[in-house]
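Everything quoted here is computed from the prediction, not taken from an experiment.
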Amino acid sequence: NLNIVSFAFQNSKSAQGLVGLKNLGNTCFMNSILQCLSNTHSLRDYCLHNSHRRDLNNNSRTNTALMEEFAKLIQTMWASSSSEAVSPSEFKTQIQRYAPRFVGYNQQDAQEFLRFLLDGLHNEVNRVTVRPRGTVEDFDHLLDEEKGKKMWSKYLEREDSKIVDLFVGQLKSSLTCSYCGFCSTVFDPFWDLSLPISKKGYGEVSLMDCMRLFTKEDILDGDEKPTCYRCKARRRCTKKFTIQKFPKILVLHLKRFSEARRTSKLSTFVNFPMKDLDLREFYTRKINAVYNLYAVSNHSGTTMGGHYTAYCRNPNSGEWYTFNDSRVTPMSSSQVRSSDAYVLFYELASSSRM
Ligand SMILES: *[C@@H]1O[C@H](CO)[C@@H](O)[C@H](O)[C@H]1NC(C)=O
Ligand SMILES: *[C@@H]1O[C@H](CO)[C@@H](O)[C@H](O)[C@H]1NC(C)=O
Ligand SMILES: *[C@@H]1O[C@H](CO)[C@@H](O)[C@H](O)[C@H]1NC(C)=O
């Protein structure tokens with residue numbers, strides 16, 4: 001009996017964090033992402049311990065109200081003794097200041113919203129207050145491993161925050177000339193990975209299939225032919241991604257919507273593991289990269305009129321809950337996988353050493 005279960009969990013100590021968010025008019029996309037972030041253990045603790053205060057960028061040109069409102073909201077959600085839903089309206093005012101596109105009450109894309117939010121929070125707690133002047137340094141003579149490290153330190157010289165510590169990884173793309181065999185590499189930071197959904201007839205596909213499609217060797221030919229660094233001429237090349245550095249929190253976005261969005265949605269069932277997602281084969285170095293799932297943003301409905309909910313594993317109790325705007329209900333972990341899963345949040349297992 002679900003009512004008895006609900007009653008029991010509302011009265012237990014583990015009830016913390018089990019607070020719904022009021023829908024302010026088509027804001028379920030925001031509520032869904034906020035619940036996923038609220039259940040992100042280290043980010044939650046960063047707010048609960050007020051550690052963000054120390055990092056708030058206090059040069060007068062940087063407004064820090066977004067981080068402050070975000071932390072206040074997380075604190076309210078985790079300190080609340082009642083099960084009454086909380087209104088995120090002050091937080092919403094701040095995110096709108098940062099990203100005016102979220103003004104108004106239109107249904108938005110949860111993944112785009114997550115990007116804007118993390119970027120906004122990062123900017124307000126960036127440990128770098130004066131960015132170094134951009135210098136052109138050539139690392140092409142270095143071995144890949146060394147070059148990747150240099151590029152990462154250069155990134156940290158400009159972008160360095162708790163948010164970066166948690167969410168940012170590094171992608172390596174290798175371009176190999178089919179004529180002379182020369183391979184050039186480029187390293188880029190990533191905040192999440194947008195995975196294409198592989199199509200295999202009508203059946204389900206696995207998350208590994210999507211990862212393999214994302215990292216599959218691609219041929220650049222015809223109009224797309226890049227200039228080979230060694231031949232100094234445009235050549236047919238192959239391009240391939242590998243992960244150079246895995247983040248602590250890996251956000252995987254399933255590309256259910258076509259590029260021109262709002263036209264069609266793929267409802268393919270993507271089977272993803274809840275535990276022990278082993279991504280070693282995509283790693284440049286062959287060391288462990290094992291992740292466990294802790295939150296999912298679920299999108300149901302069509303591109304125009306859809307509804308977002310979140311499934312999150314409570315970091316205190318380890319139990320799963322459905323967050324449907326103001327309603328929070330216990331759920332079984334067996335219900336988490338569905339063809340509505342849209343954004344997946346994985347945490348690096350503590351046994352994986354980076
Ligand atoms: C904020 O300002 C104080 C001094 O006014 C300084 O000690 C502190 O380091 C500054 N914090 C940051 C993150 O810049
Ligand atoms: C995902 O959410 C939609 C409603 O938003 C719902 O219809 C669907 O059942 C949900 N999936 C699961 C597994 O609960
Ligand atoms: C979310 O709640 C609404 C009512 O507020 C309900 O109509 C809808 O079915 C719920 N969706 C899920 C997935 O629980």
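Not counting sequence neighbours, Phe269 has no partner by the ring-ring contact (aromatic ring centres under 6.0 Å, His included) test. By the ring-ring contact (aromatic ring centres under 6.0 Å, His included) test, Trp191 is found to be paired with His122, residues two or more places apart in sequence or in another chain being considered. Not counting sequence neighbours, the partners of Asp188 by the side chain to side chain contact (heavy atoms under 4.5 Å, CB included) test are Val186. For Arg212, the side chain to side chain contact (heavy atoms under 4.5 Å, CB included) test picks out Met208, Asp209, Glu281, Phe282, with sequence neighbours left out. With sequence neighbours excluded, no residue forms a ring-ring contact (aromatic ring centres under 6.0 Å, His included) with Trp320. Taking Phe167 as the reference, nothing meets the ring-ring contact (aromatic ring centres under 6.0 Å, His included) condition, with sequence neighbours excluded. Scanning for side chain to side chain contact (heavy atoms under 4.5 Å, CB included) contacts around Glu90 gives Glu69, Lys72, with sequence neighbours left out. Partners of Glu224 according to the side chain to side chain contact (heavy atoms under 4.5 Å, CB included) rule, which considers only residues two or more places apart in sequence or in another chain, are Leu220.
There is no side-chain donor-acceptor pair under 3.5 Å between Glu347 and Asn292. Judged by distance alone, the side chains of Asp55 and Tyr46 do bring a donor and an acceptor atom under 3.5 Å apart. For the residue pair His141 / Lys147, no side-chain donor-acceptor distance below 3.5 Å is found, with atom types taken as modelled. No hydrogens or angles considered: a donor-acceptor pair under 3.5 Å links the side chains of Tyr98 and Asn123. Judged purely by distance below 3.5 Å, without hydrogens or angles, the side chains of Asn126 and Asn57 never pair a donor atom with an acceptor atom.
Counting heavy atoms from C-beta on, the side chains of Tyr308 and Val343 never come closer than 4.5 Å. Using a 4.5 Å heavy-atom cutoff, the side chains of Leu254 and Leu207 are in contact. With contacts defined as side-chain heavy-atom distances shorter than 4.5 Å, the pair Ile243/Leu279 does not qualify. Leu21 places none of its side-chain heavy atoms less than 4.5 Å from the side chain of Phe323.
In the hydrophobic clustering of ILVMFWY residues, with side-chain heavy atoms under 4.5 Å counting as a link, Phe241 and Leu193 come out together. Under a hydrophobic clustering in which Ile, Leu, Val, Met, Phe, Trp and Tyr are joined whenever their side-chain heavy atoms come within less than 4.5 Å, directly or via other members, Val164 and Val251 fall into the same cluster.
Taking the ring centroids of Tyr346 and Tyr294, they lie at or beyond the 6.0 Å cut-off.
No donor-acceptor pair closer than 3.5 Å links the side chain of Ser32 to the backbone N or O of Cys28. The backbone N or O of Cys228 lies less than 3.5 Å from no partner atom in the side chain of Arg234, so there is not a single donor-acceptor pair. In this structure, the side chain of Gln170 does not engage the main chain of Phe190 through any donor-acceptor pair within 3.5 Å. In this structure, Asn314 contributes its side chain and Gly318 its backbone to no donor-acceptor pair below 3.5 Å.
Taking the six-membered ring where tryptophan is involved, the planes of Phe257 and Tyr342 are perpendicular, since the angle between them exceeds 60° and thus also 30°.
Salt-bridge check for Arg236 with Asp221: passed, with a basic side-chain N closer than 4.0 Å to an acidic carboxylate O.
Every pair tested for salt bridge (charged side-chain N to carboxylate O under 4.0 Å, His left out) that includes a residue from residues 17-36 fails, sequence neighbours excluded, so the list is empty. Among pairs with a residue in residues 171-182, those fulfilling side chain to side chain donor-acceptor pair (under 3.5 Å) read Asp144-Lys172, at least two apart in sequence or across chains. Applying the salt bridge (charged side-chain N to carboxylate O under 4.0 Å, His left out) rule to pairs touching residues 115-135 yields Arg97-Glu124, Arg115-Asp192, Arg127-Asp160, Arg127-Asp165, Arg131-Glu159, sequence neighbours excluded.
Here Phe182 sits in one hydrophobic cluster together with Tyr229; the rule is ILVMFWY side chains under 4.5 Å apart, joined directly or through other members.
By the 6.0 Å contact criterion, CG on Leu142 is enclosed, its count of non-hydrogen atoms from other residues, nucleotides or ligands being greater than 12. Within 6.0 Å of NZ in Lys275 there are 12 or fewer heavy atoms belonging to other residues, nucleotides or ligands. Atom CD of Gln75 sits in a crowded spot, with more than 12 heavy atoms from other residues, nucleotides or ligands closer than 6.0 Å. At most 12 non-hydrogen atoms from other residues, nucleotides or ligands lie less than 6.0 angstrom from NZ of Lys248. Dense packing is recorded around NZ of Lys240, with more than 12 heavy atoms of other residues, nucleotides or ligands lying under 6.0 Å away.
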Using side-chain hydrogen bond (donor to acceptor under 3.5 Å, both in side chains), reason through Asn298 and His307 one step at a time and then give a plain yes or no. CA-CA 8 Å; Asn298 175 48; His307 184 58; over 6 Å; no
side-chain contact (heavy atoms from CB on, under 4.5 Å) between Met331 and Tyr321, intermediate numbers included: CA-CA 5 Å; Met331 71 185 288; Tyr321 294 90; 5.6 Å; no
